[in-house]
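Hydrogens, waters and symmetry mates play no part in the numbers below; they use all other heavy atoms, side chains included.
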Amino acid sequence: MKVRHKVRVVLLDGDQLVFLRRGWPGGSPYWTTAGGSVEPDDADLDTALRREVMEELGATIGPATEFLTVTDPGEAVTVTQHYFLADLLDLDPERRSGPELDAPDTGDFDPVRVPLNTTAVTALDLHPPELATYLLEHVDAWRDRWPTGTR
């Protein structure tokens, strides 16, 4: 069976988290993380993650730490998603360059900052559910670990 690896990142920006708000005309918006498929030219997961963050957000990140792996077995392809946590170093939407920018059927994907707390995360329709569950269990500990102004 073929395995496709994907990388995704929860971004910390001071006392905020950065997600992507996804939406299509006539559909309900949802929130997710920046990321995508590991390509054959990517040397490793970290390289793929940094490429995806630049493509989708025009952003650079600090060191990334994997915190969650979600595997979805399929009949022909198993998809393994690797979730990382990283500090956002800078973000400039003018640097975005991913192929999804030119594909009208991919809908909107706009960066959104939310407070680093369970109330804010609970208010989002965050996908996938495994990520939402993990974040709700850990977001307050992340906030307490990095008080405002210490990162």
Trainee: Starting from the C-alpha separation in whole Å, work towards a yes-or-no answer on side-chain contact (heavy atoms from CB on, under 4.5 Å) for Leu57 and Leu88.
Mentor: CA-CA 11 Å; Leu57 296 172; Leu88 178 66; 5.5 Å; no
Trainee: Rounded to the nearest 0.5 Å, what separation is found between the CG atom of Leu68 and the CZ atom of Arg8?
Mentor: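 Rounded to the nearest 0.5 Å, the CG-CZ separation comes out at 12.0 Å.
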Trainee: Measuring only between side-chain heavy atoms, which start at C-beta, is Asp125 closer than 4.5 Å to Trp31?
Mentor: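 Counting from C-beta outward, Asp125 and Trp31 do come under 4.5 Å.
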Trainee: Are Leu131 and Val70 close enough that some pair of their side-chain heavy atoms sits under 4.5 Å apart?
Mentor: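 No - every pair of side-chain heavy atoms lies 4.5 Å or more apart.
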Trainee: Please identify which of these residues, Thr118, Val114, Val10, meets the side-chain contact (heavy atoms from CB on, under 4.5 Å) condition with Val139.
Mentor: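 It is Thr118; the other options fail the test.
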Trainee: Answer with yes or no whether the hydrophobic clustering places Leu91 together with Val9; edges join I, L, V, M, F, W, Y residues whose side-chain heavy atoms lie under 4.5 Å apart.
Mentor: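 Both belong to a single hydrophobic cluster.
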Trainee: Cluster question for you: counting only ILVMFWY and a side-chain heavy-atom cut-off of under 4.5 Å, with indirect links fine, are Val112 and Leu126 together?
Mentor: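 In one cluster: yes.
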Trainee: Quick one: OG1 on Thr32 to CZ on Arg21, what's the gap to the nearest 0.5 Å?
Mentor: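 The distance works out to 13.0 Å.
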Trainee: Please check if Val18 and Leu89 belong to a single hydrophobic cluster, counting links between Ile, Leu, Val, Met, Phe, Trp and Tyr side chain heavy atoms closer than 4.5 Å.
Mentor: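 Val18 does not cluster with Leu89.
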Trainee: Using the ring of each side chain (for Trp, its six-membered ring), is Phe67 parallel, tilted or perpendicular to Trp142, with breaks at 30° and 60°?
Mentor: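 Perpendicular.
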Trainee: At what distance, to the nearest 0.5 angstrom, does OG1 of Thr33 lie from CZ of Phe19?
Mentor: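 Answer rounded to 0.5 Å: 8.0 Å.
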Trainee: Rounded to the nearest 0.5 Å, how far apart are CG of Asp15 and CG of Asn117?
Mentor: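 Here the rounded value is 9.0 Å.
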Trainee: Following the transitive rule for hydrophobic clusters with a side-chain heavy-atom cut-off under 4.5 Å over Ile, Leu, Val, Met, Phe, Trp and Tyr, establish whether Val79 and Val3 coincide in one cluster.
Mentor: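 Result: no, two separate clusters.
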Trainee: In plain terms, say whether Arg95 and Asp90 are close enough for a salt bridge, that is, a side-chain N and a carboxylate O under 4.0 Å apart.
Mentor: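 Judged by the 4.0 Å cut-off on N to carboxylate O distance, Arg95 and Asp90 do form a salt bridge.
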Trainee: Do Asp42 and His5 touch side chain to side chain, with heavy atoms closer than 4.5 Å?
Mentor: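 No, too far: nothing below the 4.5 Å cut-off.
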Trainee: Side chains of Arg50 and Thr60: does their closest heavy-atom pair fall under 4.5 Å?
Mentor: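 A side-chain contact under 4.5 Å is absent here.
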Trainee: Identify the heavy atoms of Pro115 and Ala120 that sit nearest to each other, and give their distance.
Mentor: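 Pro115 and Ala120 have their closest heavy atoms at O-CB, 3.4 Å.
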Trainee: Would Leu45 and Phe84 count as a side-chain contact (heavy atoms from CB on, under 4.5 Å) if you check the C-alpha gap in whole Å, the side-chain angles of each, and the deciding distance to 0.1 Å?
Mentor: CA-CA 10 Å; Leu45 296 178; Phe84 292 84; 4.1 Å; yes
Trainee: Nearest 0.5 Å, please: how far is NZ in Lys6 from OG in Ser37?
Mentor: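 With rounding to 0.5 Å, OG (Ser37) is 4.0 Å from NZ (Lys6).
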Trainee: Quick check against the 3.5 Å criterion: does Glu56 have a side-chain atom that pairs as donor or acceptor with the backbone of Gly35?
Mentor: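 The answer is yes, because a donor-acceptor pair under 3.5 Å joins these two groups.
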Trainee: Tyr83, Tyr134: one ILVMFWY side-chain cluster at the under-4.5 Å cut-off?
Mentor: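 Yes, it is one cluster - the side chains of Tyr83 and Tyr134 are joined through contacts under 4.5 Å.
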Trainee: Could you check whether any side-chain heavy atom of Leu116 comes within less than 4.5 Å of a side-chain heavy atom of Leu17, counting everything from C-beta outward?
Mentor: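 Yes, their side chains come closer than 4.5 Å.
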Trainee: Can you name the nearest heavy-atom pair linking Ala64 to Asp46, along with the distance?
Mentor: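 The pair with the smallest heavy-atom distance is CB-OD1, 4.1 Å.
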Trainee: Which value, rounded to the nearest 0.5 Å, describes the distance between Arg4 atom CZ and Gln81 atom CD?
Mentor: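 Going from the CZ atom of Arg4 to the CD atom of Gln81 covers 10.0 Å.
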